[in-house]
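Notes follow once the structure below has been shown.
Any value given below was found using the heavy atoms of this structure, including those in side chains, with hydrogens, waters and symmetry copies removed. Just so it is clear, the model here is predicted, and its values are computed rather than measured. Order of listing sets the numbers, starting from 1, for every ligand and every atom in it.
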Amino acid sequence: MENTAPAKKIMLSGIQPSGDLHLGNYLGAIKNWVERTEEFDNYYFMADMHTITVRQTPADLRRRTLQQLAQYIACGLDPQKNTLFIQSHVHEHAELGWILQCYTMYGELSRMTQFKDKSQKHSENINAGLFTYPSLMAADILLYQADYVPVGEDQKQHCELTRDIAIRFNNIYGNVFKVPEPYIQKVGARIMSLGNPSSKMSKSDPNGCVFLLEKPDDIMRKFKKAVTDSDTENCVRFAPSEKPGVANLMGIYSSITGKSYEEIENEFAGKGYGAFKPAVGEAVVETLRPIQEETARILADKAYLENVYKEGAEKASYLARKTLRKVYKKVGFVER
Ligand code: ATP
Ligand code: LTN
């Protein structure tokens with residue numbers, strides 16, 4: 001019988017295996033991917049090619065790439081329902097990446113916030129790849145004709161440049177690429193550092209950052225020490241500009257438990273930060289416990305992991321090849 005169900009829209013995203021995954025990556029990106037599994041046709045990858053724009057130790061990069069894959073699965077991404085792959089296994093990313101560099105302007109790349117930040121942080125290694133990174137990211141997305149790109153707030157600028165590149169290319173050659181949209185949720189899109197609620201939680205600030213594989217005692221200690229506010233009110237109330245630390249903790253608690261800010265205020269009425277901070281810590285520990293156990297179990301099964309990334313690369317290549325063939329033809333390359 002012919003399958004008459006309408007094709008699902010395509011969702012695609014990636015994370016660089018440049019450090020261990022943290023609560024910001026989970027609440028801002030991965031949790032959102034898991035919740036949307038049934039609704040879309042999903043492609044998620046380890047962006048290892050992006051990672052070498054900053055110098056890496058090869059053995060660490062290899063270990064973190066596989067660990068990240070195990071964590072994707074442990075967080076709930078079922079490999080039967082999501083195509084999970086390693087970017088460098090699908091060579092079309094590099095090939096389309098080159099072509100799209102020829103359709104990306106110097107001025108556009110110079111305006112990218114991530115390039116400005118990273119070239120300040122790594123001033124000894126401002127390489128060409130760090131600069132043209134957004135053209136490769138556009139290739140990652142456009143190869144799969146993705147409809148939606150679920151990311152945290154900080155990646156919005158790169159997604160917008162991807163749209164501009166797709167539109168520019170389509171205007172010259174006809175309708176080659178689907179023009180994608182960023183998919184940014186309201187709660188969790190920007191988790192802030194526990195030590196400094198005015199900067200985002202990031203792996204480069206390990207004190208303010210909770211890693212997914214961190215020990216429960218360490219997680220509890222970080223939450224108990226979390227910066228709340230300097231007033232003496234000692235009251236759990238959602239007021240982001242007056243009490244950014246409390247608002248951040250409420251955002252984390254809300255994202256994990258599904259409770260609204262009002263419900264959280266009621267739950268902790270009259271109890272103060274002394275009760276609130278460990279309660280958020282415990283909710284995080286309980287959410288991460290099964291993820292940590294699953295990650296250890298999956299990592300021990302190398303054959304299973306290998307099977308997942310090989311099948312993933314095969315499925316991803318199928319779509320990527322189709323788009324690249326079309327692009328080669330359009331720009332005038334002779335067919336081999
Ligand atoms: P860095 O520490 O170098 O800034 P990172 O921890 O932000 O890196 P990325 O690989 O850049 O990690 O991000 C992976 C995904 O997680 C992206 O979709 C990004 O938007 C999201 N993300 C990262 N940090 C946060 C955060 N604090 N809150 C919400 N989402 C986040
Ligand atoms: N630039 C992203 C990682 C990334 C990505 C992508 C995200 C690379 N390619 C394609 C979504 C879609 C980052 O630094 N977090």
**OP:** Just let me know how Y44 lines up against ligand 2, side chain, backbone, both or neither, with a heavy-atom cut-off below 4.0 Å.
**Re:** neither
Original post:
What about F177 and F169, are their ring centers closer than 6.0 Å?
Top reply: yes
**OP:** Using a strict 4.0 Å threshold on nitrogen-to-oxygen distance, state whether R168 and E108 make a salt bridge.
**Re:** yes
**OP:** Report the part of H22 in contact with ligand 1, treating N, CA, C, O as backbone and CB onward as side chain, heavy atoms under 4.0 Å; options are side chain, backbone, both, neither.
**Re:** side chain
Original post:
Parallel, tilted or perpendicular: which fits the ring planes of Y133 and H158, with parallel below 30° and perpendicular above 60°?
Top reply: tilted
Original post:
Any non-hydrogen atom of Q114 lying under 4.0 Å from ligand 2?
Top reply: yes
**OP:** Under 4.0 Å from a heavy atom of Q16: give me the atoms of ligand 2 that qualify, with their elements.
**Re:** 13 (C), 14 (O)
Original post:
Any N or O on I191 sitting closer than 3.5 Å to an N or O of ligand 1?
Top reply: yes
**OP:** Please identify which atoms of ligand 2 are closer than 4.0 Å to at least one heavy atom of Y133.
**Re:** 1 (N), 2 (C), 3 (C), 13 (C), 14 (O)
Original post:
Is the distance between the ring centroids of H50 and F45 less than 6.0 Å?
Top reply: no
Subject >> Under-4.0 Å heavy-atom contact with ligand 1, by part of K203 that carries it >> reply: both
Subject >> S13, any N or O under 3.5 Å of ligand 2 N or O >> reply: no
Original post:
In terms of ring plane angle, is the pair Y106 and F131 parallel, tilted or perpendicular, where the classes change at 30° and 60°?
Top reply: tilted
Original post:
Should the ring pair F268 and F276 be called parallel, tilted or perpendicular, given that the plane angle runs from 0 to 90° and is split at 30 and 60?
Top reply: perpendicular
Original post:
Is the closest N or O pair between E153 and ligand 1 shorter than 3.5 Å?
Top reply: no
Original post:
Would you say ligand 1 has an N or O under 3.5 Å from any N or O of M192?
Top reply: no
Original post:
Considering only protein heavy atoms, which is closest to atom 4 (C) of ligand 2, and at what distance to one decimal place?
Top reply: G14 O, 3.8 Å
Subject >> Ionic contact status for K200 with E153, cut-off 4.0 Å >> reply: no
Subject >> Shortest reach to atom 2 (O) of ligand 1 by a heavy atom, considering only S202, G251, S13 >> reply: S202
